[in-house]
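Keep in mind that what you see is a predicted model, and the values were worked out from it rather than measured. The chain is numbered in sequence order, starting from 1.
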Amino acid sequence: IGRGFVLKKLQRYNEAIASFDKALQLENNHSDVWNAKGEALSNLAQYDNAIKAYEKAIEFKSDYYEAWYHKGFALQNLKRYEEAITAFDKVVELKPDYWLAWYNRGNALVNLQRYQDAFTSYDKTVQYQPNYYQAWLSRGNMLMNLQRYPEAIESFNQVIKYNRNSHQAWFNRGWAMHKIQRYEDAITSYNKAIEIKRNDYQAWYNLGNSLFNLKKYQEAIASYNKAI
C-alpha cells in the first residue's frame, strides 16, 4: 500500500493506480486505498473512474468526508453540478467546518445560476477561513448579482485586505461604487485596477463613465481614448 501512496506523491499516477489495484486484490475493503486510487484517477482527469473509486471508499466508510469531497469535485469537473452539490452537502453535514467543500459547493451553485444559495456557501467559507480571499471575491460577485452593492463593496474590501494586487477586486469594487453613484470612489478603484493591469480596456471605459458622471468631460474623453 505504502508504495502506491509514495508513487502518488511523486505524481506517477498510473503506477500508483496499479499498486493500489494490487493492494485491493488482497484486501478489497480498504477505504483509504479506494480514495487514494480515486485521487490518482482524478489527477489523470479520469473522473468517471475516480467517482467509482470514491463510491467504493464511501461504501466501506460512509462518514468518509474526504471521499465525499473528492467525489463532489470530480462530479463538478464533469459539469454534473446537482450531484456535486449533493456530495458537498454530505461533506458539510459530516464536517461543518470543511471550508473547501463550502467553497466548491458555491462554485457548483453559480454554474446553476443559484446566486443566493451560492452567496450562502461563500459566506460559510469565509466564516471558517477568513483569509481565503478567493471566497471573498466570489461572495462579492454574488452580492453584485443580487444588486446588494454596499455589501459587495465590503466583500471586495476584504479581498483587498488579504491581496492588495487583486485586479478583479479593485475592478468589481469600482463597478459597485458606480452603481450606488459613489463616482469618486469608483474612480479610485478603477485607477487601482488600471495600475495593476494597464491594458484593461473595460476599466478605462468604466473610468470614463464615472468621470463623465462627475462632469469631468476632458478626463472622461482621455479615458475613453485609452479604451479604444
Side-chain angles (χ1 to χ4, degrees), residues 32 35-36 38-39 42-43 45 47 50-51 54-55 57-58 61-177 179-180 185 189 192-193 196-197:
D32 284 340
N35 181 60
E39 286 183 274
S42 284
N43 282 312
Y47 299 117
I51 289 162
Y54 298 135
E55 283 171 348
I58 292 159
K61 190 181 173 191
S62 60
D63 63 349
Y64 195 172
Y65 61 84
E66 289 100 334
W68 279 108
Y69 172 74
H70 292 140
K71 181 188 174 186
F73 200 72
L75 286 161
Q76 192 165 316
N77 280 313
L78 292 173
K79 299 186 166 57
R80 288 160 62 182
Y81 300 120
E82 294 280 6
E83 293 168 84
I85 291 161
T86 303
F88 294 136
D89 283 345
K90 191 69 186 171
V91 180
V92 297
E93 178 194 314
L94 293 165
K95 191 169 168 55
D97 64 348
Y98 201 104
W99 58 273
L100 266 175
W102 284 113
Y103 180 68
N104 281 295
R105 181 180 185 272
N107 293 345
L109 287 159
V110 170
N111 281 299
L112 297 174
Q113 297 179 328
R114 288 168 55 186
Y115 301 128
Q116 179 61 56
D117 292 333
F119 163 74
T120 305
S121 269
Y122 294 135
D123 199 45
K124 283 285 195 187
T125 309
V126 296
Q127 277 177 38
Y128 293 119
Q129 192 71 15
N131 62 352
Y132 191 57
Y133 65 83
Q134 292 92 329
W136 283 110
L137 183 63
S138 298
R139 182 182 183 275
N141 291 343
M142 291 312 99
L143 289 163
M144 292 291 286
N145 283 326
L146 298 167
Q147 300 182 346
R148 289 160 60 181
Y149 302 116
E151 291 169 87
I153 291 162
E154 285 305 311
S155 233
F156 298 135
N157 287 344
Q158 287 294 321
V159 181
I160 291 157
K161 176 177 150 187
Y162 294 111
N163 179 15
R164 286 204 64 75
N165 290 323
S166 172
H167 165 266
Q168 201 62 54
W170 284 112
F171 179 89
N172 292 3
R173 184 178 184 273
W175 182 232
M177 291 291 189
K179 286 296 226 180
I180 56 171
D185 291 322
S189 285
K192 282 298 286 185
I196 295 161
K197 194 175 168 189

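- Between E39 and Y54, some side-chain heavy-atom pair lies under the 4.5 Å cut-off.
- Separation of atoms CG (L100) and CD (Q129) is listed at 8.0 Å; rounding is to 0.5 Å.
- With a 4.5 Å cut-off on side-chain heavy atoms, L143 and E154 do not count as touching.
- Closest of all the heavy-atom pairs between D123 and R139 is OD1-NE, 2.9 Å.
- Applying ring pair (Phe, Tyr, Trp, His ring centres under 6.0 Å) to Y132 and the options Y162, W99, W102 leaves one that passes, W99.
- A distance-only check finds no donor-acceptor pair linking the side chain of W170 to the backbone of F156 [under 3.5 Å].
- No donor-acceptor contact under 3.5 angstrom links the side chains of Y122 and S155, judged on distance only.
- Inter-residue side-chain proximity for Y149 and Q147 is flagged as met; some heavy-atom pair is nearer than 4.5 Å.
- Residue K71 forms a side chain to side chain contact (heavy atoms under 4.5 Å, CB included) with just one option from N35, V91, I51, and that option is I51.
- Neither side chain, N141 nor Y115, offers a donor N or O lying under 3.5 Å from an acceptor on the other.
- Distance OG1/T120 to CE/M142: 11.5 Å, rounded to 0.5 Å.
- Considering CD of Q168 and OG of S138, their distance stands at 10.0 Å, rounded to 0.5 Å.
- Proximity of K161 to N157: side-chain heavy atoms (C-beta onward) are nowhere separated by under 4.5 Å.
- Considering CG of N104 and OH of Y81, their distance stands at 11.5 Å, rounded to 0.5 Å.
- Here the side chains of F88 and Q76 are in contact, with some heavy-atom distance below 4.5 Å.
- Side chain of W68 to backbone of T86: no donor-acceptor contact under 3.5 angstrom is found.
- Contact annotation: the side chain of N165 approaches that of N163 to within less than 4.5 Å [non-hydrogen atoms, C-beta and beyond].
- Note on K95 versus D97: salt bridge recorded, some NZ/NE/NH1/NH2 to OD/OE distance being below 4.0 Å.
- A tilted orientation is assigned to the rings of Y69 and Y98, their planes being inclined by 30° to 60°.
- Annotation for G140 and A152: closest pair O-CB, 3.7 Å, computed over non-hydrogen atoms.
- Closest heavy-atom contact between A176 and I153: CB-CG1, 3.6 Å.
- For the pair F171 and S189, the minimum side-chain heavy-atom distance is 4.5 Å or more.
- Residues D185 and I180 form no side-chain contact, since every pair of their non-hydrogen atoms from C-beta on lies 4.5 Å or further apart.
- L94 and S62 make their closest contact through CD1-O, 4.2 Å (heavy atoms, listed as atom of the first residue, atom of the second, distance).
- Across all their heavy atoms, A50 and S42 have their closest contact at CB-OG, 3.4 Å.
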